[in-house]
Amino acid sequence: PRRTGAGRGCAHAGPSAPRRARRAGRRGRRGPRPGASRGARGVGADLTLAQDLPTIVRSAVSDGLQRQGFTPKTEKPADGRELRVEIRNLDYGVNVGFWTGTLRTECGLKAICVLGTDRPYERLYRGEVEETVLVVQGAEANNKYVNEALSKALNELLQDSQLSQCLAR
């Protein structure tokens, strides 16, 4: 749903780099980073991202802020008002059982509203997808789960009225 009353403002989508990204394998073991090849029990499709994750997040946040009446800029404004978004995690894992497995994808984003030298508002947003699967997932299904978790976190961030109010000051 679209929010109204956020007011016009300027938000700076600051640098966003992955802090922690991992793909968990069987029984939650830490595995290679996203983009590396590994499936349940060593089979299945690769988990790869079609684009650079920070670029995807930056674009989605910028588009969402524009729809709310903000004017996102890539450079830091003179008044020091900015929105920093950190990618805290992107986890994908399959816990394999005898007949079925549990697929779990989680994305965490942290938004920080900066006004000059103050940080009056910051919050962590999570998107999570969990599903019981009977067969090893292919690349299309893997991408669907990752996209869904990322979309949930982004939508939660963009629907935060307190964040919008902070940016509109």
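What you see below is based on every heavy atom in this structure, not just the backbone, and it leaves out hydrogens, waters and symmetry mates.
Taking both residues in full, the closest heavy atoms of F70 and A168 are given as CE2-N, 3.9 Å, listed atom of the first, atom of the second, then distance. Residues C107 and A153 come closest through the heavy atom pair O-CB, 4.0 Å.
We find the OH-CZ distance between Y92 and R104 to be 13.5 Å, quoted to the nearest 0.5 Å.
Taking 4.5 Å as the limit, some side-chain heavy atom of P120 sits within range of a side-chain heavy atom of R169. Side-chain contact between V85 and L157: present, with at least one pair of heavy atoms (C-beta onward) separated by less than 4.5 Å. Side-chain contact between L109 and L124 is absent, with no heavy atoms from C-beta onward closer than 4.5 Å. With contacts defined as side-chain heavy-atom distances shorter than 4.5 Å, the pair L65/V61 qualifies. Residues E106 and N89 have side chains in contact (heavy-atom distance under 4.5 Å, counting atoms from C-beta outward). Using a 4.5 Å heavy-atom cutoff, the side chains of Q68 and L158 are in contact. With a 4.5 Å cut-off on side-chain heavy atoms, L154 and V57 count as touching.
In this structure a side-chain-to-backbone donor-acceptor pair under 3.5 Å is missing from E156 to S151. In this structure a side-chain-to-backbone donor-acceptor pair under 3.5 Å is present from R81 to L167. At least one donor-acceptor pair under 3.5 Å links the side chain of D160 to the backbone N or O of Q162. Listed for the D91 side chain is no donor-acceptor partner under 3.5 Å among the backbone atoms of T105.
Under 4.0 Å is where a charged nitrogen must lie from a carboxylate oxygen, and between E82 and R119 no such pair does. Contact check on K73 versus E75 returns no salt bridge, with no Lys/Arg side-chain nitrogen under 4.0 Å from an Asp/Glu carboxylate oxygen. Using a 4.0 Å cut-off between charged side-chain N and carboxylate O, E140 and K144 make no salt bridge.
No side-chain N or O of N155 forms a donor-acceptor pair with one of Y125 less than 3.5 Å apart.
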### Candidate pair L53 and L150, rule side chain to side chain contact (heavy atoms under 4.5 Å, CB included), full reasoning
CA-CA 10 Å; L53 185 59; L150 179 57; 3.9 Å; yes
### Task
I would like to know whether E130 and L103 meet side chain to side chain contact (heavy atoms under 4.5 Å, CB included); could you show each step before the answer?
CA-CA 6 Å; E130 188 169 308; L103 182 142; over 6 Å; no
### Task
Take K152 and E128, measure what salt bridge (charged side-chain N to carboxylate O under 4.0 Å, His left out) needs, and give me the verdict at the end.
CA-CA 7 Å; K152 285 181 178 184; E128 187 175 345; over 6 Å; no
### Task
Take K110 and R123 through the side chain to side chain contact (heavy atoms under 4.5 Å, CB included) test and state the conclusion after the steps.
CA-CA 6 Å; K110 182 176 183 181; R123 184 173 163 205; over 6 Å; no
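When each of L163, V114, I112 is tested with L83 by the rule side-chain contact (heavy atoms from CB on, under 4.5 Å), just one qualifies, namely L163.
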